Colleague: 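Take this structure first; my questions come after.
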Amino acid sequence: MKPRSIVRRLIQTDHPLLAQARWHPVLCRVYAARGIADAEAMDLRLTHLASPATLGGLDTACDILIDAIRAQKSILVVGDFDVDGATGTAVALRGLRMLGAERVSFRVPNRFVHGYGLSTALVAELALQAPDVLITVDNGIACVAGVAAAKALGCTVIVTDHHLPGAELPAADAIVNPNLQHDAFPSKALAGVGVMFYLLLALRSRLREKGWFEREGGPEDRRSVPDLSLLLDLVALGTVADLVPLDRNNRVLVAAGLRRINAGLACAGVAALLRVAGRDCARTDASDLGFVVGPRINAAGRLDDMSIGIQCLMSDNTEQATRCATQLDTINRERREVQADMVGEAEQWLALHHADTSALPAALCLFDARWHAGVVGLVASKLKERVHRPVIAFAPAIEGSEEIKGSARSIPGVNIRDLLAEVNAMHPGLIARFGGHAMAAGLSIERCNLERFRTALDELARARIDPILFDSCLLSDGALRAEDIDFALAEALRGGGPWGQAFPEPLFDGEFHVESARVMAGKHLGLRLRCVDSGRPFDAVHFGGYDGALPAGRWHVAYIPQVDQWRDESRLRLMIRHAIQVS
């Protein structure tokens, strides 16, 4: 279901921001529409980062790690198999080593062998050589049994996570999670990598207080205070890729990481991933992290082993990092092929079972025994965009298994994790495991329970979701005067971010005549447009816009002005996000 309309945001043209001469007037308008009340709110220097002081659990976690570093105990970091988990694991390893830990290693679960997070299956493999301290990154808050099993092995367990907690918390020695009830930390939107970064900030501060960096002895025995900002490119990558809301605190983190990348200071792995994707580090923005780098790392966790992605991010050798990045790029190409097949099958299923899209279930559940469990989240995401309602795609947990794993994606205004929690409360035992966020979640059920679950979810969704939320529309920042569309505006918008979840990229709309159109790579459109109001011509591109017929006539277009750089030549073009034919 493509957007039926393009709706303009409420724009406060008399907002005080418009008086800020150092910003482009259109950018001021965009900020005002996103609730920015003053210039200070867009000051993204690291000095405005929220203090770790109010993040619960840090004191206890730091006590454990200070003891571990002083005694050089073994520390194992258990990450997750997505980009947030991979970057969080790399940040943990790099940061702990910078702070003096010498016996640090990592494990990341294989989704097809161990399941999610610190599972009992993963802990069982640690039995012969259990670490002294185990730290979870981007997981653990729902791993009650796994934490108990690790404690039974004699491990001291620190849980660092950002997912919403369930009714029972794990019996860890320390839990650091801004979303715990009554936690006073001002930003609840931290990604898992952000939580880990905050733990390192607090640990460095405590070690400094204890004189760890000023030990007595000769110069060879002295430790310099490490610069943890070296890790911010990884923090930015994980934050953007995990689609957490870009509140001010997250924008500070992401902006700092992008500054490092743009200055050519990214770690070897991030730089290599941008290189294999044909991106210029100097012009990398948040969308490149989310749509270019992120998917290449994610592909390892979906189809193979996320250890490959972590090794890429941990490498300090350009040649080794390039080999890893090339391998990840190859896996990602395979992922795209698998995804295309699965999405095609899902669309066929939709056409067969729900030809009348006006009578769709309030929440859609799909299952195919041939589907790949690592890719169902992408299928759910694609179908959610088409039908504009929550979608859960299921696949066998492993080949021949009676357990099926689902990945859920939702729409604004519908908290899919809360819906699953309510289904679980109303039908005990129906869902084996679940967890996640408002917009994305995962769950496991028995295959024989699929129809029962589908019915329960749809009934609850119908009762809880306002039908108006199913009406798909695209929000625009309004029209632009033809004279405003130039290189200066395009650069101002590109540099005005970082843009992302809950702080969306600017989008404008207007009516244009299509003067010419051509197909690119079989699915994209290259266009020559002429503005209806001014008659000014523009080059434009609509990725994925070819549907078998070349557009002609008059169109209402949602777009963003961009600078297209090709072979040392810069051209202004309109990047089309959506178009509706007028005549």
Side-chain angles (χ1 to χ4, degrees), residues 49-62 77-80 82-85 87-89 91-92 116-118 135-144 146-147 157-202 235 238-254 407-410 412-425 431 433-443 500-503:
L49 199 63
S51 168
T54 56
L55 182 54
L58 286 181
D59 285 343
T60 305
C62 287
V77 177
V78 175
D80 189 19
D82 65 359
V83 182
D84 190 14
T87 54
T89 299
V91 164
Y116 169 77
L118 184 65
I135 309 174
T136 69
V137 179
D138 190 34
N139 73 93
I141 201 65
C143 301
V144 175
V147 169
V157 180
I158 300 173
V159 167
T160 75
D161 202 350
H162 69 124
H163 294 93
L164 298 174
E168 181 182 1
L169 294 178
D173 296 276
I175 299 177
V176 184
N177 184 335
N179 286 301
L180 288 184
Q181 189 175 16
H182 305 308
D183 192 282
F185 190 69
S187 172
K188 305 302 181 183
L190 278 180
V193 65
V195 177
M196 188 65 233
F197 183 68
Y198 263 86
L199 174 55
L200 294 173
L201 290 177
V235 177
T239 299
V240 172
D242 209 46
L243 298 179
V244 293
L246 291 191
D247 62 4
R248 186 186 185 188
N249 202 61
N250 276 339
R251 293 201 304 276
V252 168
L253 290 170
V254 173
S407 192
R409 297 294 184 270
S410 194
V414 181
N415 188 315
I416 188 63
R417 190 262 177 199
D418 285 355
L419 278 181
L420 292 177
E422 196 165 352
V423 170
N424 186 58
I431 302 176
R433 293 175 298 281
F434 74 96
H437 307 288
M439 301 297 288
L443 70 156
Q501 192 75 13
F503 198 74

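For clarity, every value in this text was computed on a predicted model and none was experimentally measured. Along the sequence shown, the residues carry numbers beginning at 1.
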Colleague: Here's one to test your reading of the geometry: is the NZ or CZ of Arg433 within 45 degrees of the ring axis of Tyr116 and under 6.0 Å from its centre?
Modeller: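 Because its charged atom misses either the 6.0 Å distance or the 45° angle limit, Arg433 does not stack over Tyr116.
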Colleague: Does Leu201 form a side chain to side chain contact (heavy atoms under 4.5 Å, CB included) with Leu49? I'd like the steps, not just the answer.
Modeller: CA-CA 11 Å; Leu201 290 177; Leu49 199 63; 4.2 Å; yes
Colleague: How far does CG of Leu55 sit from OH of Tyr198, to the nearest 0.5 angstrom?
Modeller: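 With rounding to 0.5 Å, CG (Leu55) is 8.0 Å from OH (Tyr198).
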Colleague: Is there side-chain contact between Leu199 and Cys62, with heavy atoms separated by less than 4.5 Å?
Modeller: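 The answer is yes, as the side chains (C-beta and beyond) meet within the 4.5 Å cut-off.
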Colleague: Would you say the side chain of Val77 lies within less than 4.5 Å of the side chain of Met196, judging by non-hydrogen atoms?
Modeller: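 No, side chains not in contact.
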Colleague: Of all the heavy-atom pairs spanning Leu246 and Arg251, show the shortest one and how long it is.
Modeller: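 Looks like O-NH1, 2.9 Å.
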Colleague: Looking only at side-chain N and O atoms, does Asp247 offer a donor or acceptor that is under 3.5 Å from a partner on Ser187?
Modeller: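 Yes, Asp247 and Ser187 have a side-chain donor paired with an acceptor closer than 3.5 Å.
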Colleague: Would you say that Leu180 contacts Leu169 through its side chain, given a criterion of any heavy-atom pair below 4.5 Å between the two side chains?
Modeller: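 A side-chain contact under 4.5 Å exists here.
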Colleague: Between CG of Asp183 and OG1 of Thr54, what distance do you get to the nearest 0.5 Å?
Modeller: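 The distance works out to 7.0 Å.
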Colleague: I'd like to know whether Val195 forms a side chain to side chain contact (heavy atoms under 4.5 Å, CB included) with Asp161, so could you lay out the CA-CA distance, the side-chain angles of the two residues, the decisive distance to 0.1 Å, and finally the verdict.
Modeller: CA-CA 7 Å; Val195 177; Asp161 202 350; over 6 Å; no
Colleague: Looking only at atom types and distance, does a side-chain atom of Asp80 sit under 3.5 Å from a main-chain N or O of Asn139, one as donor and one as acceptor?
Modeller: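 Such a contact is absent between Asp80 side chain and Asn139 backbone.
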Colleague: Checking the side chain of Asn179 only, and the main-chain atoms of Lys188 only, is there a donor and an acceptor separated by less than 3.5 Å?
Modeller: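 Yes, Asn179 side chain to Lys188 backbone: donor-acceptor pair under 3.5 Å.
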Colleague: If we only count heavy atoms from C-beta on, is the Val414 to Leu419 side-chain gap below 4.5 Å?
Modeller: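 Yes, close enough: below the 4.5 Å cut-off.
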Colleague: Shortest non-hydrogen contact from Pro178 to Phe185?
Modeller: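 Looking at all heavy atoms of both residues, the shortest contact is CB-CD2, 4.1 Å.
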Colleague: Which heavy atom of Asn250 sits nearest a heavy atom of Leu190, and at what distance?
Modeller: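 Minimum heavy-atom separation between Asn250 and Leu190: OD1-CD2, 3.8 Å.
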Colleague: Tell me the closest heavy-atom pair linking Pro170 and Cys143, and the distance in Å.
Modeller: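 Closest approach of Pro170 to Cys143: CB-O, 4.1 Å.
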Colleague: Which heavy atom of Ala174 sits nearest a heavy atom of Thr60, and at what distance?
Modeller: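 In this case the closest contact between Ala174 and Thr60 is CB-CG2, 3.9 Å.
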Colleague: Do you know which two heavy atoms are closest between Ile175 and Ala172, and how far apart they sit?
Modeller: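 Heavy atoms only, the tightest pair is CG1-CB, 4.0 Å.
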Colleague: Do His162 and Asp138 have side-chain atoms, one donor and one acceptor, less than 3.5 Å apart?
Modeller: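 Yes, because at least one side-chain N or O of His162 sits under 3.5 Å from a partner of the opposite role on Asp138.
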Colleague: Using a 4.5 Å cut-off on heavy atoms from C-beta on, say whether the side chain of Arg417 contacts that of His163.
Modeller: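 Side-chain contact under 4.5 Å: no.
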Colleague: From Asn424 CG over to Leu443 CG, what is the distance, rounded to the nearest 0.5 angstrom?
Modeller: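 Answer for the CG-CG pair, Asn424 versus Leu443, is 10.0 Å.
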Colleague: Backbone N or O of Ala191 within a donor-acceptor pair of the Asp242 side chain at under 3.5 Å?
Modeller: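 Side chain of Asp242 to backbone of Ala191: no pair is present.
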Colleague: Can you tell me how far the CD1 atom of Ile158 sits from the CG atom of Leu58, to the nearest 0.5 Å?
Modeller: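 Spacing of CD1 (Ile158) from CG (Leu58) equals 10.0 Å.
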